[in-house]
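Here is the structure we will look at.
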Amino acid sequence: MLLTADWVIPVSGPPIRNGAILVKGHTIDEIGTIDDLAQKDPRAVRSDFPGCVITPGLVNAHTHLSLTVLGGLIPPQEFHDWIAHVPATVRALDQNDLAASASAGAIECLMTGATVVGDIAYGPEAPSAASDMGLAGTFFWEVLGIAGEDLERRLKEDDYPESPPKSCSGRARCGLSPHSPYTSGPSLLRAVRDLTRKHEVGFAVHIAESPAEVELIRDGTGPLAHLASRFATEFRTPGVTPVRYLHSLGALEGAVAVHCVHVPPADIPLLANQARGVVFCPRSNAYLNAGQAPVTRIMNAGARIGLGTDSSASNIDLDLLKELRVLIAGAPTISPERGLRIITIEGAEVLGLDDAFGSLEPGKQADISIWRMPSTDQPVRDLIEQGSGKSIEAVMSSGIWRIRSGQPAFPTGNIELAAKHAQIKAALALKGSQPSSSA
Ligand SMILES: [Zn+2]
């Protein structure tokens with residue numbers, strides 16, 4: 001199949017005017033100009049997209065697709081008040097609800113041009129449902145609230161794949177996440193880190209997200225102390241910063257460090273050198289009044305950067321281009337070109353997926369987003385400044401059309417109905433719960 005457009009932006013090279021992509025099966029065969037590729041394979045079925053710009057499928061490096069049904073249910077508030085609502089609400093959702101929620105989230109990702117996620121999963125539902133929809137990604141199984149010695153038992157209960165390197169190859173890869181230093185104690189943080197090293201899979205952790213977390217790790221006090229006493233088994237006040245605490249446990253090296261809002265200048269070189277990458281979620285941080293990450297400083301220290309929308313429970317949508325504009329507003333030195341890299345190849349590197357995703361190159365997966373951008377001479381700048389889910393014309397993943405003419409190319413009625421039921425259940429659980437006792 002030959003896809004053509006006014007511009008093809010491979011990310012791995014400069015934009016190509018009157019560009020084309022030759023797709024064979026589920027991978028990209030070649031990139032070039034329309035003239036060159038039409039000559040090379042004159043019999044290829046052709047799909048022309050005049051007035052459009054083609055990019056790789058975007059990489060949303062931090063999501064919780066299973067929480068999509070919580071969208072709009074928990075209003076903006078302080079982080080520590082918000083998080084008290086979440087566990088009881090999640091518990092109200094059964095496996096079918098989680099699958100419906102993850103499917104609805106996957107559709108939203110595709111409708112806004114993302115085909116790859118770094119997702120926090122609560123069991124096998126999100127990876128399965130998201131894969132069915134056509135998303136790829138690293139799915140970090142979340143474990144918290146237990147001692148390190150109970151990790152393997154818990155993973156069995158949660159249907160974590162028994163031999164992750166074998167069963168988590170291809171488009172849906174596995175990882176683990178101990179959530180955070182206030183919901184996982186030191187033995188669990190260490191155990192999760194050890195197991196991910198042993199299996200060579202990804203390790204993601206929410207770190208330095210709120211002032212309350214900083215206070216807890218430094219002084220053992222504050223609004224997260226109650227949560228820590230319930231969930232972070234054997235937690236003893238470390239008396240340092242969150243980044244140094246993780247480092248002292250050997251859990252910073254190779255980590256996908258999510259949020260990193262409250263990182264003092266003295267910790268930034270350590271974070272940049274040790275973590276696999278830093279994923280910012282600026283709109284979630286604003287929603288929860290958590291502060292603004294020192295993005296420019298962390299970037300200047302040489303960290304790999306990814307960008308995530310976080311979940312619908314703390315954001316208004318999963319539109320990654322809108323997220324990027326908020327990131328750039330807070331860190332204006334990010335050029336449009338770097339911005340595009342952050343939501344494509346750099347995000348893929350953070351998630352350990354750049355062998356197959358994040359750029360348009362021969363041999364990589366045919367994950368392709370097509371944006372309506374008529375008469376542009378600056379396709380990267382215009383996409384970054386103006387693009388959004390509203391500009392999506394078509395999305396392909398693994399060589400299959402998922403979105404055509406701005407609409408899903410598969411039926412979504414049952415998914416939306418199931419997600420609606422799950423949302424009603426979650427709303428009822430939220431109504432009946434008192435935050436302080438439900439956490
Ligand atoms: Zn998160």
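Just follow the structure's listing: the first ligand is 1, and inside any ligand the first atom is 1.
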Kindly give the atom name of the N, O or S atom of [X] closest to the Zn ion (ligand 1).
| X | result |
| --- | --- |
| His62 | NE2 |
| Asp310 | OD1 |
| His64 | NE2 |

Candidate pair Leu307 and Ile305, rule side-chain contact (heavy atoms from CB on, under 4.5 Å), full reasoning:
CA-CA 7 Å; Leu307 184 69; Ile305 306 296; 6.0 Å; no

Do any pairs count as a salt bridge (charged side-chain N to carboxylate O under 4.0 Å, His left out) and have a residue in residues 250-261, sequence neighbours left out, and if so which ones?
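Every salt bridge (charged side-chain N to carboxylate O under 4.0 Å, His left out) pair that includes a residue of residues 250-261, provided the two are not neighbours, is Arg197-Glu253.
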
One thing to verify: whether Asp94 and Lys425 come together as a salt bridge, which I'm taking to mean a side-chain N less than 4.0 angstrom from a carboxylate O.
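Salt bridge flag = yes for Asp94 with Lys425.
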
Carboxylate-amine/guanidinium proximity below 4.0 Å for Arg338 and Glu346
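Salt bridge flag = yes for Glu346 with Arg338.
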
